[in-house]
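What follows is one structure encoded as structure tokens, with my remarks underneath.
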Amino acid sequence: MKIEAKDLCKTYGGGENRVVALNRASLAIGPGDFLSIMGPSGSGKSTLLHLLSGLDRPSAGSVLYDGVNISALPDKALSAFRRRRIGFIFQQFHLLPVLTARENILMPLLLDKQQPNEEYLGQLAGLLGIKERLGHLPHELSGGQQQRVAIARALIARPEVVFADEPTGNLDSRSGGEVMELLRAVNRELGRAVVVITHDSRIAAMARRRLTIVDGVLSEVAQA
Ligand code: ADP
């Protein structure tokens with residue numbers, strides 16, 4: 001799987017209210033990549049994430065997955081594409097409070113009418129250290145554990161890439177570091193590409209490739 005963003009632009013509003021949220025961003029993401037995108041509030045991080053993951057369409061430019069321009073897919077095809085090939089992790093976890101950890105993790109499969117694979121669920125729960133917590137409700141779990149459940153949910157449909165939007169933003173620094181370590185393990189042991197959006201330079205530094213975004217302009221930080 002190769003993701004190629006070419007000259008992505010996004011503008012909001014018009015006339016005096018026109019905002020250029022993203023200005024000709026180009027980026028290639030390969031199968032084993034682990035990258036962070038860092039920038040201050042309002043710099044265009046969420047906009048870029050939404051375009052890369054097909055949650056929104058660019059004003060100009062394209063996003064290609066293995067050469068297929070997802071921005072040109074009809075809505076229904078794009079939703080199915082996202083369900084099967086992209087995993088999402090959010091700052092606020094977004095677990096359903098009345099469902100157990102196990103039920104939350106399996107939800108994307110149910111929505112896609114797929115049978116759960118118990119062996120893979122066990123592997124994920126083992127990797128993420130939540131095997132003993134699968135029968136618990138979210139409110140019975142710590143923030144770090146809830147985020148681990150959310151990571152398992154993002155991976156259950158075996159997507160090729162996982163986008164994490166400020167995944168440590170709601171956690172103390174220790175739990176945040178642990179979540180980044182787990183994302184590193186997901187990248188290394190499961191071979192998934194991982195893209196982490198953050199405004200925290202310590203979190204950003206844990207990724208293999210680092211990009212920054214300032215006023216909608218994306219650039220890659222040269223590796224030492
Ligand atoms: P970040 O995620 O880095 O905080 P965003 O991508 O959310 O930044 O926003 C980038 C810029 O685009 C900001 O100036 C923001 O106010 C503007 N923006 C984002 N979404 C909208 C929208 N729906 N309508 C108008 N302006 C928007």
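Numbering of ligands and ligand atoms starts at 1, following listing order.
A salt bridge (Lys or Arg N to Asp or Glu O under 4.0 Å) check over residues 123-152, counting only residues at least two apart or in different chains, returns the pairs R148-E178.
Each of K2, R85, R192 was checked for a side chain to side chain donor-acceptor pair (under 3.5 Å) with E160, and the lone residue meeting it is R85.
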Sequence neighbours left out, cut at 3.5 Å: what donor-acceptor pairs do the side chains of residues 110-118 make with other protein atoms?
from : atom 1 : to   : atom 2 : distance (Å)
D112 : OD1    : R83  : NE     : 3.0
D112 : OD1    : R83  : NH2    : 3.2
D112 : OD1    : R84  : NH2    : 3.3
D112 : OD2    : R84  : NE     : 3.0
D112 : OD2    : Q114 : NE2    : 2.6
N117 : OD1    : E119 : N      : 3.0
N117 : OD1    : Y120 : N      : 3.0
E118 : OE1    : R102 : NH1    : 3.2
E118 : OE2    : R102 : NH2    : 2.9

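Scanning for side-chain contact (heavy atoms from CB on, under 4.5 Å) contacts around E166 gives K45, Q91, T198, H199, with sequence neighbours left out.
The 4.0 Å heavy-atom shell around ligand 1 contains residues Y12, V19, A21, P40, S41, G42, S43, G44, K45, S46, T47, ordered by chain and number.
Using a 4.5 Å heavy-atom cutoff, the side chains of Q92 and N170 are in contact. Side-chain atoms of F34 and V186, non-hydrogen and from C-beta on, never get closer than 4.5 Å to each other.
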